[in-house]
Amino acid sequence: MAVYRRNYKPYAGVLTAPWSRCFVLFRYSRRRLFRSKFLTGLFVVCFFYPFACLLIIYLAHSASFLQELGVPGQLISIDNKFFFNLMSVQGVFAFLLTAFAGPGLISPDLANGALPLYFCRPFSRVEYVLGKASVLAILLSQITWVPGLILFIIQAGLAGPGWAWSHLWIAGSLLISSLIWIAFLSLLAMALSAWVKWRIVAGALLLGVMFFGAGFAQAINAVLRTQSGHFFNVGYLMVTVWNAIFRVDAMHDIPVAEAWMALLFYCAICLGLLMRKVRAYEVIR
Amino acid sequence: MSTTIQPGVANGEIAQRIPAAPLPPLIELQDLSVRFGKREILHSLTTSLRGRSIALLGPNGAGKSTLINTLLGFYKSSAGSARVFGYDVGSEIKKIRAVVGYMPENDAFISKMSAVSFVQMMGELSGLPADMALERAHEALFYVGLAEARYRQLGTYSLGMKQLAKLAQAIVHGPKVLILDEPSNGLDPSARQRMIRMIRDIRDGGEMRIVLCSHLLRDVEDTCDEVLILKQGRIAHYNKRFLELETYGANADFTEAIEKLGCECAVTANRMKMILADGIETRDIFRLAAERQVRIRRMNFRRDTLEDIFLKAMES
């Protein structure tokens with residue numbers, strides 16, 4: 001039917017599967033995000049370090065070239081520390097991407113009262129949160145565990161099956177540490193976005209949680225002469241957990257189990273905030 | 001099947017377009033109560049609404065929007081039950097939402113999106129495939145009169161245009177029930193007229209049943225054939241369907257037959273006003289007219305006395 005005909009006809013065609021509808025949000029949100037040239041540029045910059053790592057892996061397996069350069073072969077070691085450093089750098093980029101992309105996910109819907117339009121359809125709050133979270137999850141996966149695993153596979157291919165078999169746990173470490181960081185960042189960004197309803201303020205809050213949190217932790221440690229301040233430093237907690245996952249020897253002021261518990265606690269708070277705020281209408285009792 | 005009634009149409013032609021069966025109940029409430037903390041907003045509402053176009057009428061704070069939000073599953077009932085199209089609000093809310101189109105009272109849009117993308121996305125969320133949702137988004141925006149502005153960002157729309165965009169997203173997926181919460185809120189007179197005309201068109205199209213929530217008597221008068229008046233969360237009045245017939249050849253026998261159906265009836269010259277009794281449909285009136293060779297030249301769902309009824313309900 002021509003669209004200019006002003007009459008209404010009911011829809012009698014096929015419907016999509018209910019489980020697939022949260023990807024509708026993913027498609028629209030992602031399209032909106034990548035209209036920003038800054039985000040696109042930042043996303044490209046996120047691949048510089050993995051590319052540098054790729055060169056290092058190649059160099060590590062080019063003994064003749066290293067000899068020409070006069071670099072001893074033992075200087076470049078592709079091991080758990082190498083991948084831990086990759087994860088640390090990419091983790092910072094993941095945070096920057098989240099700070100830019102995360103706050104705009106939910107706050108515009110809340111600010112413009114769009115939530116009733118989502119939830120008056122056969123579409124639940126959980127599906128809404130999953131749809132929005134998938135934007136960040138896939139975006140951050142593309143710069144963390146995906147390049148990490150590609151580098152691991154390349155290294156395994158160059159070093160041989162013996163190295164791959166004995167270092168297989170590193171692949172698991174890459175995956176687990178990335179997923180923890182992605183889940184935490186996604187929940188934090190969405191919770192702040194839902195809480196303040198204003199994209200810029202939510203972005204500032206996200207930066208504040210990371211940087212002021214670290215400063216606050218240092219101040220508490222210094223004033224109270226304790227190490228408990230680290231519980232306010234999310235970055236420190238995450239690095240503590242990553243060190244354990246990558247089996248990197250490092251001194252920590254708080255036990256790994258407590259760092260895990262603290263991160264889970266923060267995730268629970270974020271989930272609680274989200275479930276409280278992501279409603280069609282807020283009930284004022 | 002459409003039940004459009006047009007002036008001057010002969011009985012035989014009209015009779016062919018009469019629905020074969022009475023309309024099923026749209027909304028059934030059984031002792032429905034809604035409580036926010038200590039405040040009880042809706043108090044034991046019990047009724048069954050089955051009109052083509054139903055109005056929830058009442059002053060601000062009467063509980064109209066709360067009732068709609070409860071029917072959509074946004075609020076939980078504290079007691080009693082509610083059904084929409086026979087589906088229970090408590091346990092079958094997804095089925096209800098699949099057949100409902102909802103136009104909320106307040107601003108509801110995504111500012112950085114064009115109208116066509118916005119309506120398409122809402123269609124996809126209702127389960128339409130992407131290409132079909134795009135096609136229907138264009139159609140819906142043409143239908144509501146936003147064709148020229150459909151590529152503009154919603155944030156740049158005037159209030160009237162935003163209302164129309166909300167209507168477009170409510171009908172894009174072809175719902176069976178259209179719930180309109182204060183659709184003429186904040187509109188200037190000409191925009192209001194357009195909105196009312198649109199609602200009447202949808203009602204007369206017969207494809208959707210309408211639940212209109214308003215505190216404006218004129219809006220209800222112009223668009224609805226059944227009214228539930230709420231006051232402080234209670235049913236103040238349930239107004240059955242009023243019918244006005246312009247007939248040719250009506251006699252005392254016809255009037256008597258209508259009254260035997262249980263309808264209250266008043267005759268002036270060739271006009272008849274009646275209140276349809278429970279279970280009586282327009283097809284019954286047509287049948288009686290056909291049996292007695294009475295020609296029905298015009299049929300209107302009139303509510304001349306609505307203002308009186310409303311004021312009386314508010315005083316009670």
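Since we're looking at a predicted model, the values are computed, not measured. Sequence lines set the chain letters: A, B, ... in the order given, protein chains first and strands last, and positions in each chain run from 1.
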>> Is B/Met132 in contact with chain A via its backbone, its side chain, both, or neither, using a 4.5 Å heavy-atom distance?
In response: side chain
> More than 12 heavy atoms of other residues, nucleotides or ligands under 6.0 Å from CE of A/Met275: is that the case?
Replying inline: yes
> If you round to the nearest 0.5 Å, how far is CG of A/Asp109 from CD1 of B/Ile110?
Replying inline: 4.5 Å
>> Looking at chain A, which one of B/Gly174, B/Ser126, B/Gly101 has the largest number of heavy-atom pairs inside 4.5 Å, strictly under?
In response: B/Ser126
>> Which heavy atom of B/Phe118 sits nearest to which heavy atom of A/Leu117, and what is that distance?
In response: CZ-CD1, 3.4 Å
>> The test is side-chain contact (heavy atoms from CB on, under 4.5 Å); show your working for A/Phe123 and B/Met122 and say whether it passes.
In response: CA-CA 11 Å; A/Phe123 192 72; B/Met122 291 299 158; over 6 Å; no
>> Does atom CZ (A/Phe47) have a neighbourhood of more than 12 heavy atoms from anything else shown, all under 6.0 Å?
In response: yes
> Closest heavy-atom contact between A/Phe119 and B/Phe74?
Replying inline: O-CE2, 3.4 Å
> Which region of A/Tyr28, side chain (C-beta onward) or backbone (N, CA, C, O), has a non-hydrogen atom less than 4.5 Å from a non-hydrogen atom of chain B, or is it both or neither?
Replying inline: side chain
>> For B/Ile93, which atoms come within 4.5 Å of any heavy atom of chain A: side chain, backbone, both, or neither?
In response: neither
>> To check you understand the geometry: which heavy-atom pair defines the closest contact between A/Pro116 and B/Tyr102, and what is its length?
In response: CB-CE2, 4.1 Å
>> If you compare all heavy atoms of B/Phe109 against all heavy atoms of A/Ala114, which two are closest, and at what distance to 0.1 Å?
In response: O-CB, 3.6 Å
>> Rounded to the nearest 0.5 Å, what separates atom CD in B/Glu139 from atom OH in A/Tyr11?
In response: 11.5 Å
>> Atom CZ of residue position A/Phe34 - does it have more than 12 heavy atoms of other residues, nucleotides or ligands inside 6.0 Å?
In response: yes
>> A/Arg121 and side chain to side chain contact (heavy atoms under 4.5 Å, CB included): which single residue from B/Lys94, B/Arg97, B/Gln169 fits?
In response: B/Gln169
> Who among B/Met208, B/Glu124, B/Met113 has the most heavy-atom pairs with chain A under 4.5 Å?
Replying inline: B/Glu124
> Side chain, backbone, both or neither: which part of B/Val99 has a heavy atom under 4.5 Å from chain A?
Replying inline: neither
> Distance from A/Arg199 atom CZ to B/Lys112 atom NZ, nearest 0.5 Å?
Replying inline: 6.5 Å
> Among A/Leu25, A/Val14, A/Thr16, who wins on heavy-atom pairs under 4.5 Å with chain B?
Replying inline: A/Thr16
> Most heavy-atom pairs under 4.5 angstrom with chain A, which of B/Leu125, B/Ile202, B/Leu154?
Replying inline: B/Leu125
> So which part of B/Ala98 gets closer than 4.5 Å to some heavy atom of chain A, the side chain, the backbone, both or neither?
Replying inline: both
> Do you know which of B/Val100, B/Ile96, B/Ile171, B/Val172 has the most heavy-atom pairs under 4.5 Å to chain A?
Replying inline: B/Ile171
